[in-house]
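Below: the structure, in C-alpha cells.
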Amino acid sequence: MNDAPPMAAIGWREWLTLPDLNITGVKAKTDTGARTSALHATEIEAYERDGHAQVRFCVRPNRNDRAQTVVCEAPLVDMRRVTNSGGSAEQRCVIRTLVVLGDFRWSIEVTLTDRGDMIFPMLLGRTALAGRFLVDPSRSYVFGRRHRSPS
C-alpha cells in the first residue's frame with residue numbers, strides 16, 4: 001500500500017514565473033534527462049560584493065521579443081561543469097531562485113547559459129521536478145498559458 005500523496009501532473013512544456021528575478025513568464029520545457037534546470041542568459045558576469053559571490057546577467061524571457069530584456073542579479077551558488085545535449089562541457093554559473101507554476105512555489109537551482117539557438121529559453125530539470133510532479137508528455141501548458149502582467 002502506498003500512502004504517499006498523489007503528485008501533480010505537468011505537461012512537457014509549461015509557463016513559469018521566476019519572481020526573484022522579476023520574470024513574469026518564461027516558456028520552459030520539462031526535461032527529465034537534464035539533472036539541473038537551465039535558463040537562457042547573456043552578458044553573464046560573476047563578481048564579488050561585500051565578500052559574497054554574485055552574478056549579473058540578462059534574460060530575454062520571450063525569444064520573439066528582442067526589446068524585452070530583464071537585467072538580473074543573484075547570489076552565485078556554484079560554478080559547475082555541465083555537459084549539454086550536444087555533448088560539449090562548459091563551466092556554468094549556478095543560482096538558486098524561486099519558481100512558480102500555478103499554485104506551486106518552490107526553490108530550484110538553475111544554471112545560466114546561452115540558449116539563444118534553442119526554442120525554449122528554460123529547461124526545468126529532473127532535480128526541480130523530483131517528488132513534486134509527474135510529467136505527462138501528451139499534455140502542454142497544464143497550468144495555463146502565459147500570464148501577462150498589466151501594463
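The first residue in the sequence is number 1, and the count goes up from there. Every heavy atom of this structure was used, including side-chain atoms; hydrogens, water molecules and symmetry mates were not.
The environment of CG in Asn22 is sparse: at most 12 heavy-atom neighbours from other residues, nucleotides or ligands sit within 6.0 Å. Counting non-hydrogen atoms of other residues, nucleotides and ligands closer than 6.0 Å to CZ of Arg132 gives a total above 12. Summarising the local packing, CD1 of Ile119 is surrounded by 12 or fewer heavy atoms from other residues, nucleotides or ligands at distances under 6.0 Å.
With hydrogens and angles ignored, the 3.5 Å screen pairs a side-chain donor or acceptor of Thr127 with a backbone N or O of Arg35. In terms of modelled atom types and a separation under 3.5 Å, the side chain of Asp31 and the main chain of Gly125 share no donor-acceptor contact. Between the Thr97 side chain and the Leu18 main chain, no donor and acceptor come within less than 3.5 Å of each other. In terms of modelled atom types and a separation under 3.5 Å, the side chain of Ser37 and the main chain of Val110 share no donor-acceptor contact. Using a distance-only test at 3.5 Å, with no hydrogens or angles considered, a donor-acceptor pair links the side chain of His40 to the main chain of Arg115. Side chain of Arg80 to backbone of Val94: no donor-acceptor contact under 3.5 angstrom is found.
Tyr47 is not connected to Phe57 by any chain of hydrophobic side-chain contacts under 4.5 Å among Ile, Leu, Val, Met, Phe, Trp and Tyr, and they are in different clusters. With hydrophobic clusters built from ILVMFWY side chains whose heavy atoms lie under 4.5 angstrom apart, Ile10 shares a cluster with Phe104. The cluster map of Ile, Leu, Val, Met, Phe, Trp and Tyr, joined by side-chain heavy atoms under 4.5 Å apart, puts Ile108 and Leu76 in the same cluster. Met118 and Leu112 are assigned to two separate hydrophobic clusters, defined by single-linkage of ILVMFWY side chains at heavy-atom distances under 4.5 Å. Met79 and Val77 are members of different hydrophobic clusters when ILVMFWY side chains are connected at heavy-atom separations under 4.5 Å.
Separating the CG atom in Leu123 from the OG1 atom in Thr113 is a distance of 10.0 Å, to the nearest 0.5 Å. Rounding to the nearest 0.5 Å places CZ of Arg92 at 8.5 Å from OG1 of Thr83. Expressed to the nearest 0.5 Å, how far CH2 of Trp12 lies from CZ of Phe120 amounts to 4.0 Å. Distance check, rounded to the nearest 0.5 Å: CD of Glu48 to CD of Gln54 gives 9.5 Å.
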Under the criterion side-chain contact (heavy atoms from CB on, under 4.5 Å), I'd like the reasoning laid out for Trp15 against Phe143: C-alpha separation, chi angles, the key distance, then a yes or no. CA-CA 8 Å; Trp15 280 102; Phe143 292 89; over 6 Å; no
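Under the 4.5 Å side-chain criterion, counting only non-hydrogen atoms from C-beta, Leu39 is in contact with Val59. Counting heavy atoms from C-beta on, the side chains of Val70 and Pro61 come closer than 4.5 Å. Side-chain contact between Leu129 and Val135: present, with at least one pair of heavy atoms (C-beta onward) separated by less than 4.5 Å. Side-chain contact between Leu16 and Leu124 is present, with at least one heavy-atom pair separated by less than 4.5 Å. For the pair Pro19 and Val100, the minimum side-chain heavy-atom distance is below 4.5 Å. At least one side-chain heavy atom of Leu98 sits less than 4.5 Å from a side-chain heavy atom of Arg105.
Closest of all the heavy-atom pairs between Ser140 and Arg13 is OG-NE, 3.0 Å. A pairwise comparison of heavy atoms in Cys72 and Ile23 identifies SG-CD1, 4.3 Å as the closest pair.
Remark: Asp136 pairs with no residue by the salt bridge (charged side-chain N to carboxylate O under 4.0 Å, His left out) rule, at least two apart or across chains.
At a threshold of 4.0 Å, the pair Glu14-Lys29 does not count as salt-bridged, since none of the basic side-chain nitrogens sits closer than that to a carboxylate oxygen. Residues Arg56 and Glu43 are not paired through a salt bridge, judged by the lack of any N-O separation under 4.0 Å between the basic side chain and the carboxylate.
Ser107 and Arg96 share a donor-acceptor pair across their side chains, judged by distance under 3.5 Å alone. Side-chain N/O atoms of Arg60 and Thr69 include no donor and acceptor closer than 3.5 Å.
Side-chain rings of Trp106 and Phe133 approach one another, their centers coming within less than 6.0 Å.
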